[in-house]
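One-based numbering, in listed order, for ligands and for the atoms of each.
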Amino acid sequence: MLHSTELLTPPARDTKVFVPELVYFEPDALNYPKGQKIQEWAKAQGLPIRTTTSHNRITDLPGESDLDKYRIAKRTLVVGIRKTLKFDQSKPSAEYAIPIATGCMAHCHYCYLQTTLGAKPYIRVYVNTDDILRQAEQYIQERAPEITRFEAACTSDPVGLEHISGSLKEYIEFMGQQPLGRLRFVTKYHHVEPLLDAEHNKHTRFRFSVNAEYVIKNFEPATSNFYERITAAGKVAHAGYPLGFIIAPIIWHEGWEDGYADLIRRIREALPAEARSDLTFELIQHRFTKTAKNIIQQRYPKTKLEMDEEKRKYKWGRWGQGKYVYPDDQANLLKAFMYEQIEAHFPEAKIEYFT
Ligand code: SF4
């Protein structure tokens with residue numbers, strides 16, 4: 001079994017901030033101050049810069065095979081204007097998904113972006129954040145006097161891109177001024193420094209995605225490690241943000257009870273007392289679709305991710321393709337165990353859902 005003291009030791013090397021290898025700009029993006037700023041940053045980094053007519057269609061992405069193109073896309077930044085200003089729904093964590101970026105540089109084997117972003121999931125950031133925030137304000141007004149929650153991490157990990165775009169801080173400060181608006185996002189990165197002095201007014205819930213050591217080690221390449229994430233969570237709590245943890249995907253693996261008990265204990269040991277006063281947990285069991293399984297096996301052929309349909313329960317989807325989840329007896333065991341552990345170590349925390 002893993003011992004928490006070992007796992008709370010700093011890693012030999014810090015996880016570095018993301019620097020792409022190639023950057024594309026839509027020409028009109030350079031008419032926006034954010035576009036110009038990102039261009040200056042890319043030039044200062046000495047990055048190759050290209051132009052694209054649309055951030056949705058890059059035709060000259062380098063790479064021989066599909067796998068090459070996939071890997072290169074994950075290191076490619078595209079700077080554009082967000083045209084669709086209709087926000088998607090984002091149940092159960094929020095009412096709406098607020099656009100901020102699309103794509104992610106990490107390589108989590110299980111990530112649902114594997115299927116939703118297609119063959120070339122390059123990382124798109126948007127320069128017209130004023131338009132996006134105006135739209136958010138309209139959604140807030142429509143739902144008044146109810147509170148409206150916006151999830152900023154549906155299609156990306158925005159903390160991992162903050163040093164490039166600065167958009168998350170804008171969104172946090174905007175929501176800080178909205179009596180009826182709330183922001184939420186989740187991250188696997190520890191680069192929280194630029195967000196610590198934001199005027200959040202406690203309207204943003206800052207969540208970290210954490211998992212049993214087995215899951216982080218085997219399925220989450222190119223993310224910050226547990227020690228870095230938990231240290232960052234302490235800083236965020238110290239800065240007064242409401243804090244949360246998403247434990248996802250919860251994976252049934254050999255020794256899962258020890259692994260998840262250890263995780264909750266490590267969070268307890270590492271978190272300063274001030275972080276526990278307004279703390280939430282969200283719990284999501286592992287699921288996959290047939291399409292996702294095929295894609296994951298092509299992209300990560302050696303993955304240890306268990307995706308055996310025979311061992312799963314099929315759950316029909318609202319829009320056609322269903323998902324494979326754990327059979328009820330396993331799901332119930334996972335749920336009961338996680339609740340028990342969290343309630344024992346964090347009696348004051350709120351468990352928002354298990355799905
Ligand atoms: Fe997907 Fe999140 Fe991993 Fe990025 S960090 S690859 S968005 S699961």
Protein contact of [atom] - nearest heavy atom, named by residue and atom, plus distance:
{"atom": "atom 4 (Fe) of ligand 1", "result": "C104 SG, 2.3 Å"}
{"atom": "atom 1 (Fe) of ligand 1", "result": "C111 SG, 2.3 Å"}
{"atom": "atom 2 (Fe) of ligand 1", "result": "K188 NZ, 3.7 Å"}

Is the shortest side-chain N to carboxylate O distance from [X] to [Y] below 4.0 Å?
{"X": "D66", "Y": "R299", "answer": "no"}
{"X": "R207", "Y": "E151", "answer": "yes"}
{"X": "D130", "Y": "R134", "answer": "no"}

- request: Could you tell me which atoms of ligand 1, counted from 1 in the order shown, lie closer than 4.0 angstrom to a heavy atom of L113?
  value: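 Every atom of ligand 1 under 4.0 Å from some heavy atom of L113: 7 (S).
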
message: Check whether Y326 forms a cation-pi arrangement with R312 (NZ or CZ under 6.0 Å from the six-membered ring centre, at most 45° off the ring normal).
response: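 The answer is yes; both the distance and angle limits are met.
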
field: Aromatic F208 / basic R229 pairing, under 6.0 angstrom, 45° off normal
entry: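 No, R229 does not lie over the aromatic ring of F208.
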
Contact flag C108/atom 4 (Fe) of ligand 1, N/O/S atoms, threshold under 2.8 Å: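 False for C108.
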
task: For ligand 1, note which part of T187 has a heavy atom under 4.0 Å away: side chain, backbone, both or neither.
output: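 The answer is neither; T187 stays 4.0 Å or more away.
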
